[in-house]
Amino acid sequence: MRAAALVATLAALALAAAANAAAHSKDPVQRHTAADMRRARALALRRSDLAAGWTTDKPAKPGPPCTAGPDESSIVQTARVDPSFTWKDGVTNVGSEVDIFRSAREARHDWDVSTLGLMSTCLLQSARAGIGKSVRVSLVSAKRLPVSSSAERTLHYRFVFALHSARTVQLVADVVALGRRRVTLVLHTLTVRTPLPATVVNTLVGVLAARLNAGSLTA
């Protein structure tokens, strides 16, 4: 496969793993309500939040479940949306997953188990399962970075993956999460070689944080 095709393949797999995993017996129960789905859509990233050159993606197909995931079958999600957008290069991608839970306690539980190690394992597992044996995928690095936001809960994980075939290509995935009461809002980005510029990421985080802090949410 050409390098560009490999990159595009892993991009789709990584996004599916991060936000559209197939239903699994350990996943949170999905009981979406009309009110919370409206809230989730209002919080999510929009095409109008981005500059010219971005296009809205079609919904991603469900990815394979992560076998390393914790048992969250006792908690309930009342909304989940994940719009994403691709740059005109056909690879660079940004999106936002919005998860709303039945209670603030359940939202915090889901937050607490979303560790750097678990996300590293799940993203790598999904990429390897989807690409197959012809291309070797490895995790080069995974680290936690600071977040400049006044949200109740914040985290920023950065993952660097390497695709080894006729040549080696590196992908950088950033996951910036903001949490407040029942809501977790995640900005995810995927780029080749270098991260999306910090000015762009910080601007988008600011837009999402403002929506989150202004939203009316029950405890």
Tell me, do N93 and D57 make a side-chain contact under 4.5 Å, heavy atoms counted? yes
Going only through I, L, V, M, F, W and Y residues with side-chain contacts under 4.5 Å, is there a path from W111 to L123? yes
Taking the side chain as everything from C-beta on, heavy atoms only, tell me whether V183 gets closer than 4.5 Å to D99. no
Could you measure the distance from the CZ atom of R180 to the CG atom of L185? Nearest 0.5 Å is fine. 11.5 Å
Results of salt bridge (charged side-chain N to carboxylate O under 4.0 Å, His left out) for D89 - residues two or more places apart only: none
For the side chain of T203 and the backbone of T199, is there at least one donor-acceptor N/O pair under 3.5 Å apart? yes
Value for OG (S84) from CG (L190), rounded to nearest 0.5 Å, stands at 10.5 Å
With side-chain contact (heavy atoms from CB on, under 4.5 Å) as the criterion, how do R182 and D36 come out once you've worked through the C-alpha distance, each side chain's angles and the decisive distance to 0.1 Å? CA-CA 10 Å; R182 298 191 296 122; D36 278 352; 2.9 Å; yes
Go through the steps for L212 and L208 under the test side-chain contact (heavy atoms from CB on, under 4.5 Å), then give the verdict. CA-CA 6 Å; L212 181 64; L208 297 177; over 6 Å; no
Please step through side-chain contact (heavy atoms from CB on, under 4.5 Å) for the pair L171 and L163, ending with a clear verdict. CA-CA 8 Å; L171 295 182; L163 283 68; 4.1 Å; yes
For F101 and I75, work out which heavy atoms get closest and say how close. CE2-CD1, 4.0 Å
Any link between V98 and V207 through a network of hydrophobic side chains (Ile, Leu, Val, Met, Phe, Trp, Tyr) touching at under 4.5 Å? no
Do the side chains of H188 and V94 get nearer than 4.5 Å, heavy atoms only? no
Is there a continuous path of hydrophobic side-chain contacts, each under 4.5 Å between heavy atoms, that joins I100 to V76? no
Quick one: list whatever passes salt bridge (charged side-chain N to carboxylate O under 4.0 Å, His left out) with R211, sequence neighbours left out. D49
Is the CZ atom of R193 crowded by more than 12 outside heavy atoms at less than 6.0 Å? no
Nearest heavy-atom contact between S114 and Y157 is O-OH, 3.1 Å
Hey, could you give me the CE/CZ distance between M37 and R80, rounded to the nearest 0.5 Å? 11.0 Å
Any side-chain heavy-atom pair of F159 and V172 under 4.5 Å: no
Between T92 and W54, is any pair of side-chain heavy atoms under 4.5 Å apart? yes
Using side-chain heavy atoms (C-beta onward) and a distance below 4.5 Å, is E72 in contact with D27? no
Quick check: is L145 connected to M119 through a chain of hydrophobic side chains (ILVMFWY, heavy atoms under 4.5 Å apart)? no
Could you check whether any side-chain N or O of K143 sits under 3.5 Å from a backbone N or O of L116, counting only pairs where one atom can act as donor and the other as acceptor? no
Yes or no on side-chain contact (heavy atoms from CB on, under 4.5 Å) for T86 and V91, after CA distance, side-chain angles and deciding distance? CA-CA 7 Å; T86 298; V91 176; over 6 Å; no
Nearest-0.5 Å distance that lies between atom CD in Q170 and atom OG in S138: 8.0 Å
Is it true that V201 and V147 fall in one hydrophobic cluster, defined by side-chain heavy atoms closer than 4.5 Å? yes
Can you give me the closest heavy-atom contact between V192 and V169, atom names plus distance? CG1-CG1, 4.2 Å
Taking the side chain from Q125 and the backbone from T67, do they hold a donor-acceptor pair closer than 3.5 Å? yes
Might you point out which heavy atoms bring T154 and R144 nearest each other, and give the distance in Å? O-NH2, 3.1 Å
Distance from F85 atom CZ to L50 atom CG, nearest 0.5 Å? 6.0 Å
Please name the pair of heavy atoms, one in S120 and one in L139, separated by the smallest distance, quoted to 0.1 Å. CB-CD2, 3.7 Å
List the residues meeting salt bridge (charged side-chain N to carboxylate O under 4.0 Å, His left out) with R158, not counting sequence neighbours, and say none if there are none. D174
Do the side chains of E152 and R181 get close enough for a salt bridge, i.e. N-O under 4.0 angstrom? no
Could you tell me whether the side chain of V205 reaches within less than 4.5 Å of the side chain of L178, counting heavy atoms only? yes
Residues R153 and T184: closest non-hydrogen pair is NH2-OG1, 4.0 Å
So do H32 and T78 actually touch side chain to side chain, heavy atoms under 4.5 Å? no
